[in-house]
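Notes for the one structure printed next.
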Amino acid sequence: MLEVLNNTNYVIPKAFISAIGNFTSFILHMTLTFSNFGSQNIYCFMVQYNPKDWITFIFRFHKSDTFRKLIPMMIFIGLYTYGVGYLELEFWQLSDKNHLSNITVMHSMLGFVISLLLVFRTNTAYDRWWEGRKLWGALVNNSRNLALKLSVILKNEHDRFYFKRTIPSYASILVKHLTDKETGLQLYDDLDLEIDHHKHRPNQVAKMIYQKIYDLYEQKVITGDQLIILNSEVQSFTDICGACERIKNTPIPYSYSAFIKKFIFFYVMTLPFGYVFSLGYYAIPVVIFVFYVLASLELIAEEIEDPFGFDANDLPIKKISENIKKHVEEVL
Amino acid sequence: MLEVLNNTNYVIPKAFISAIGNFTSFILHMTLTFSNFGSQNIYCFMVQYNPKDWITFIFRFHKSDTFRKLIPMMIFIGLYTYGVGYLELEFWQLSDKNHLSNITVMHSMLGFVISLLLVFRTNTAYDRWWEGRKLWGALVNNSRNLALKLSVILKNEHDRFYFKRTIPSYASILVKHLTDKETGLQLYDDLDLEIDHHKHRPNQVAKMIYQKIYDLYEQKVITGDQLIILNSEVQSFTDICGACERIKNTPIPYSYSAFIKKFIFFYVMTLPFGYVFSLGYYAIPVVIFVFYVLASLELIAEEIEDPFGFDANDLPIKKISENIKKHVEEVL
Amino acid sequence: MLEVLNNTNYVIPKAFISAIGNFTSFILHMTLTFSNFGSQNIYCFMVQYNPKDWITFIFRFHKSDTFRKLIPMMIFIGLYTYGVGYLELEFWQLSDKNHLSNITVMHSMLGFVISLLLVFRTNTAYDRWWEGRKLWGALVNNSRNLALKLSVILKNEHDRFYFKRTIPSYASILVKHLTDKETGLQLYDDLDLEIDHHKHRPNQVAKMIYQKIYDLYEQKVITGDQLIILNSEVQSFTDICGACERIKNTPIPYSYSAFIKKFIFFYVMTLPFGYVFSLGYYAIPVVIFVFYVLASLELIAEEIEDPFGFDANDLPIKKISENIKKHVEEVL
Amino acid sequence: MLEVLNNTNYVIPKAFISAIGNFTSFILHMTLTFSNFGSQNIYCFMVQYNPKDWITFIFRFHKSDTFRKLIPMMIFIGLYTYGVGYLELEFWQLSDKNHLSNITVMHSMLGFVISLLLVFRTNTAYDRWWEGRKLWGALVNNSRNLALKLSVILKNEHDRFYFKRTIPSYASILVKHLTDKETGLQLYDDLDLEIDHHKHRPNQVAKMIYQKIYDLYEQKVITGDQLIILNSEVQSFTDICGACERIKNTPIPYSYSAFIKKFIFFYVMTLPFGYVFSLGYYAIPVVIFVFYVLASLELIAEEIEDPFGFDANDLPIKKISENIKKHVEEVL
Amino acid sequence: MLEVLNNTNYVIPKAFISAIGNFTSFILHMTLTFSNFGSQNIYCFMVQYNPKDWITFIFRFHKSDTFRKLIPMMIFIGLYTYGVGYLELEFWQLSDKNHLSNITVMHSMLGFVISLLLVFRTNTAYDRWWEGRKLWGALVNNSRNLALKLSVILKNEHDRFYFKRTIPSYASILVKHLTDKETGLQLYDDLDLEIDHHKHRPNQVAKMIYQKIYDLYEQKVITGDQLIILNSEVQSFTDICGACERIKNTPIPYSYSAFIKKFIFFYVMTLPFGYVFSLGYYAIPVVIFVFYVLASLELIAEEIEDPFGFDANDLPIKKISENIKKHVEEVL
């Protein structure tokens, strides 16, 4: 874009261009630091809120609010738009009839594509989040059902105590397993060595449960029909663990992630060129607002996509595993 | 936006700005009070209606109608638009060529994003509502099937009477459990204490059913093959309870909820700035109508999202549990 | 809208306004009568058609065609648009620069929302219709499979004859149950009394099938392994019945239905105000066409939403139940 | 539309109107003949292609390409647009300020609706096609699994040979059943008689498989546990057959099909009225291209919707059934 | 389009037209070569990335980035736009009022259709990719569960060693099977001969597992109840293999693939005709950017659609199969 301006023989202060480059990198780094900072609280609790309380939503800026995270970047976009406006309106004093003022036709045409893409992104991210929630819901259900069944089958207090301990421990081990950084990296090739030094802990607990049930079956405490009935719950534990790992270690394909970010960047960066003609310096808040909307959607999608992390919107799996413990102990 | 107006050296009566601020808060509180008032009827019945009767739909304003709920806010938006129009057209007498009149380009571009977001919101809310309905449909089916199976297996009138009482009671206990406020707050951390004083009641009923069936199995009244057949229904009760709890205690991620509300607010609040140039005071009904459409979609989604509350559109789970009672008693 | 016109000191003939009000009610009633009339044929057969025959589609107006149903309303919309055009262009002779001519910006902005909402409506209605079809497909499959299994298990001609009669009767009783008006009203509170005088007939048939199978199991005609195998089909009958009842008695939430109808009404009613400036009397066919498109989508969705009624597009469940009879008799 | 022109006192050559009418019918018949001709090849093979080879896609016009099928209709649309342009620009010499030139506002507003509808159509058609593919995939899997299980259970060469013949024959009979025209018409009422003279062939094969397995069970060759394990595969055959019949005999509701075709027709037919003012005779290629895009989407959806026919994009079920034969014979 | 220009009597240098034709072919070939070159690395690893690191996304151009792949084509589009601009603005010196300048109305109308189509394409491609990932996730889960169950059932070290070898080998054979080119071509008719010379290897491994389990069942090492429990995992292996084959050998219907590519091509190729009037030579970067966006979406969809290839975004099935090996060996 800038080369085109050069070709058409306008003078652009070189310093301005390089300043933009440097400043962009600097601000982007700041933004990153900010958002990383926001996610350093190790225990994650679901944000508690009343969905019908609009005032709080509109005027309070929660720590995890994208508005707060995007502030440095929004300031930069504002300055950038000011710079473009200054150059076009006052430095070169381009007339309203300059072809550059029609560049907005591109933005309105591509506005469709970018909106639809962001909604696609939102949908897939939400689907992963909701699937994660469903899996943990299933873990709750299966832990409860297994406890209920064993509570009526087992007469021996000792056997019941064994399961009172091991069933909830599956959930709590799974919390540790999923919040472990290495789990998210299982499918990258250069990380073989580190993973090797510990065993797959959820499998160890599952094996303990299987072992006890089959021992009781051999001791005729559990009949064959009961074994068949108990099987589905025990089996589901490993299925749930595997499905959570899948969500954790397989983000949306790299190409989409990279393409959407590039698209938003170029879209917002070219927006001021046309807008300053029709909006003057009002283009500054307008471009900031458009950037805020587009970038927010991408930022939220990134946070939701991996529901087992420490972001403010991630699933409260620690709390769920505590509830499992409480309910299983109540039943057995 | 208002600062920008200041910078460009127009005089804005300070009183006007602070009046807007105060009035907004006041009206928002009123709206909330209104909508809370509307949901105070403790027994919820699905609104009965004939989907083909258009006249009633268009000219009747049902208690739960978003039009009624939004009236105070719509009046405020009307006054606000009038204020903006008065300032721009009569106080400052801005010309049609003022850059501010082109601000509508932003609204038409972001109109697409906001529409898609609201449809995403509508979709996810409806999906939860429909999943809730499916779960209660499954509860009906499984209660019926369990009753049908037991009615042909059990010869003893006493045993049949036992299940005639306990099967429907699962559904009615689940109604109480789901309409209990604490159930919706299970996943928030600071609420541990209160939940502890009562046990998980649906689990207690499920345990009673399991206990009786395994007792009958040990007494050889129920054979091993029949035990396997009965298992799926009993097991499903706990699964359904867990899935309903999931829908109840996990609203849409906080970020989306907050972002959509912020977006609607800023979108509607900036709408009059450009519209008064092209529409004059006709902008008042236009902005009100746009606000009505956008806010209605968000309001309905909020209501539908938790299908187990007391809102007018929530599921008639009390009625369903009564039907279960009637049908189970008919069969056993 | 009309008040605004008054405020700005134009004379509107009072008679015109009240005439519009009365005429609207009258025509809406006519439309309703028409559409009810169209659905009085008690036996419903799926419309037979070749999806590749475009000419018939475009130039034939089938009885169930929305074009025919909407004709009275379309005539009214045409007259209304003519009235608006006459007032604006000839009675008051508003100039092209009147602010009212810019009201179309609202329509183009909300055009997104209304389109997306109608597609959401279409999707949910179609999903119900297709789910209904899948359920009846499952009924066909399970009836066939049960018949196939029993045909090889049972040697006694008498037992086979029993199932030859009862299996197809489940489907035909279900047809009666679903086309019974009371089934659709199960979840409304004020209808308790009437439902009570008859029992739930599909459950009675399901009980007969269960009874016979468990009798044969006790007589050792059916082994335990075979009982487990037969269970899934018999169980599915009650599941299918419950799921069909769910679709029948739970329409889309009242709020959406009411909101979409109100939205279409106000959208189309305000359309002529702006269009007559740019289109003159050509606005008449244009507004009629826009109304035809929007109302058709809503009308079709209403029809499809409850796939077990008597509308032309409803599922041919009577025919399917006859096919089940034919195939079961062929096998057993 | 044309009446409106008359009312406003322009002279339209009567011959022109009737010529359009006749010509439309003629061309539509030709188009139909063309597309029927294209589907006369009785053996259907999936089109083989490399999705990354763009040149072939863009410059080759495959027999099944919608471009080829639509050529006659596109020529007609071109002539029609020329006719409209000639009348408006040269015969009546309408000025650019004529209200008719603003009719494009309708097209841009309804452009959303038509796009969303076509994508809805595309989605549902693709879902059916993909569901059909999944069902045949399941048939492959279940045939293989049944063969694998029987190959290790049965020691007798004779018994194995029996299944080596009957398992693949289910798939090949299903191919015949699905490509039989009568299967697609099962749900139409006036066709009872013809269907009666042959039995439901897939059911006959399924019965043969069931019969043999239960005979072996009674001869104690297959134990009760093995019977339970074998059950799911045999049962699935009938389920798959029923689901394929469902896709085959239940097209998208007649109302949608008719509405979409009417909508496209009127949309394209009114397009030239406004376009000739702004585009002159360039409107000819533009209208043709718009028609090509809209009609292609509908045409492809029609083809995909019934995946068991003889169209070029239909599923290669014959080939799949041959693969089943090869793999079953390899295993048993 | 070009013929139209001829008819209206402008002189187009013949050489220019043929040059475009030749150059297009040449560049398209180059593009193909480039993209093929990019996929020659035989071992595929999922691209490792941090979704929150925006700078890398925006400024780094990964080997698999669509930007790199499209560079030759983008250069060509730039030159083509320059050519069109030169002809229209300088050679023929068409005035701004030329009808050609209004051709953009077509692009804005069809912009909606193309966006929705590309999102449909993106959705279906992503769904296949994610289904593939789910299938491999299920393979992981079932391998683990089978190993866990066998580890507690089997006491004999020898038997356990047998399964320690064969369970992971199913996954590794499946990797070879899916990356084998012939697997993707199973459903094309002219390839019968080559496939015949080797047997279906995953079926061979599945048979080995079945054989061993049924042998142990006959030796009474595995009881009947345990056989039923083990069945679901073994059976799922063949189901997963079949489903992966389905995704591999059934791309999106040829018609859609061809139509979308043709549509993008004609859309982008006609874009400069109107844009050069309003944008002058700025049309060059604009058209390039529009092309980049549309073509990227199609390119990414193509890559994702078949998740078992060697593209950078394909699933790391080799790595997953190694993880299965590690975890099974850990358990058994």
Side-chain angles (χ1 to χ4, degrees), chain D residues 45-49 51-55 57-58 62 64-67 104 107-108 111-112 115-116 118-119 122-123 126 129 133-134 137 140-141 144-145 148-149 151-153 223-225 228-229 278-282 285-286 289-290 293 296 300 303-304 312-313 316 319-320 323 327 330-331, chain E residues 1 4 8 25 28-29 31-32 35-36 99-100 102-103 105-106 108-110 112-113 116-117 120 124 185-189 199-200 203 206-207 210-211 214 217 224-225 227-228 231 235 238-239 241-243 245-246 250-259 261-263 265-266 270 302 305:
Chain D
F45 309 126
M46 213 164 62
V47 182
Q48 184 182 345
Y49 70 97
K52 296 188 181 155
D53 186 355
W54 284 56
I55 311 175
F57 275 110
I58 294 168
H62 188 271
S64 72
D65 201 290
T66 54
F67 190 83
T104 43
H107 291 101
S108 69
F112 291 138
S115 312
L116 286 167
L118 284 172
V119 167
T122 299
N123 260 318
Y126 176 77
W129 184 82
R133 184 61 189 88
K134 275 187 176 162
V140 171
N141 298 345
R144 283 184 190 168
N145 256 330
L148 283 167
K149 286 177 187 174
S151 77
V152 296
I153 291 175
T223 67
D225 306 309
I228 291 172
I229 286 171
S278 55
L279 288 168
Y281 287 114
Y282 292 124
V286 168
F289 189 50
V290 171
V293 168
S296 286
I300 300 176
E303 214 181 293
I304 300 298
N313 291 298
K319 185 74 194 171
I320 295 176
N323 284 352
H327 288 132
E330 199 178 290
V331 168
Chain E
M1 192 92 324
V4 175
T8 49
S25 314
L28 277 164
H29 272 298
T31 316
L32 249 99
S35 35
N36 286 342
H99 279 144
L100 212 49
N102 290 319
I103 211 165
V105 296
M106 179 186 82
S108 70
M109 177 183 294
L110 292 180
F112 204 58
V113 187
L116 286 167
L117 259 185
F120 163 72
T124 52
L185 304 172
Q186 268 179 346
L187 302 184
Y188 298 128
D189 259 76
K199 291 187 161 194
H200 190 279
N203 276 359
K207 195 172 177 178
Y210 269 121
Q211 189 73 58
Y214 280 83
Y217 171 64
D225 307 309
L227 182 67
I228 291 172
N231 176 56
Q235 186 173 308
T238 307
D239 288 345
C241 168
E245 287 177 6
R246 165 168 56 80
T250 314
I252 196 177
Y254 173 80
S255 300
Y256 282 116
S257 217
F259 176 65
K261 288 192 181 78
K262 280 206 178 78
F263 192 3
F265 181 78
F266 287 113
T270 54
E302 272 170 15
E305 189 182 29

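In what follows, every chain begins at residue 1, and chains take the letters A, B, ... in the order their sequences are listed. Since the structure is predicted, the reported quantities are computational estimates derived from the model, not experimental observations.
- Neither the backbone nor the side chain of D/Leu118 comes within contact range of chain E; no heavy atoms are under 4.5 Å apart.
- Within the 4.5 angstrom heavy-atom criterion, only side-chain atoms of D/Ile228, from C-beta onward, approach chain E.
- Considering every non-hydrogen atom in both D/Asn313 and E/Tyr254, the closest pair reads OD1-N, 3.4 Å.
- For the set E/Asp225, E/Thr124, E/Leu116, the count of heavy-atom pairs under 4.5 angstrom toward chain D peaks at E/Leu116.
- The backbone N or O of D/Ser278 lies less than 3.5 Å from a partner atom in the side chain of E/Asn102, making a donor-acceptor pair.
- Residues E/Ala206 and D/Leu148 come closest through the heavy atom pair CB-CD1, 3.9 Å.
- Under the ring pair (Phe, Tyr, Trp, His ring centres under 6.0 Å) criterion, E/Phe112 pairs with A/Phe112, B/Phe112, D/Phe112, sequence neighbours left out.
- The two residues D/Ser151 and E/Lys207 come nearest to each other via the heavy atoms OG-CE, 3.4 Å.
- Partners of E/Asn231 by side-chain contact (heavy atoms from CB on, under 4.5 Å), not counting sequence neighbours, listed by chain and number: D/Lys149, D/Ile229, E/Gln235.
- For D/Leu279, the parts lying under 4.5 angstrom from a heavy atom of chain E are both the backbone and the side chain.
- In this structure, the portion of E/Phe120 lying under 4.5 Å from any heavy atom of chain D is its side chain and not its backbone.
- Side-chain contact between D/Thr104 and E/Val105 is absent, with no heavy-atom pair separated by less than 4.5 Å.
- Using a 4.5 Å cut-off between heavy atoms, D/Val119 touches chain E through its side chain atoms alone.
- E/Ser255 approaches D/Glu303 most closely through the heavy-atom pair OG-OE2, 4.3 Å.
- Residues D/Arg144 and E/Thr238 bring no donor and acceptor atom of their side chains to less than 3.5 Å of each other.
- For the residue pair E/Gly242 and D/Asn141, the shortest heavy atom distance occurs at CA-OD1, 3.1 Å.
- D/Ile304 contributes atom CD1, which lies 5.5 Å from atom OH of E/Tyr256 (distance to the nearest 0.5 angstrom).
- Shortest non-hydrogen contact noted between E/Pro251 and D/Trp129 is O-CH2, 3.4 Å.
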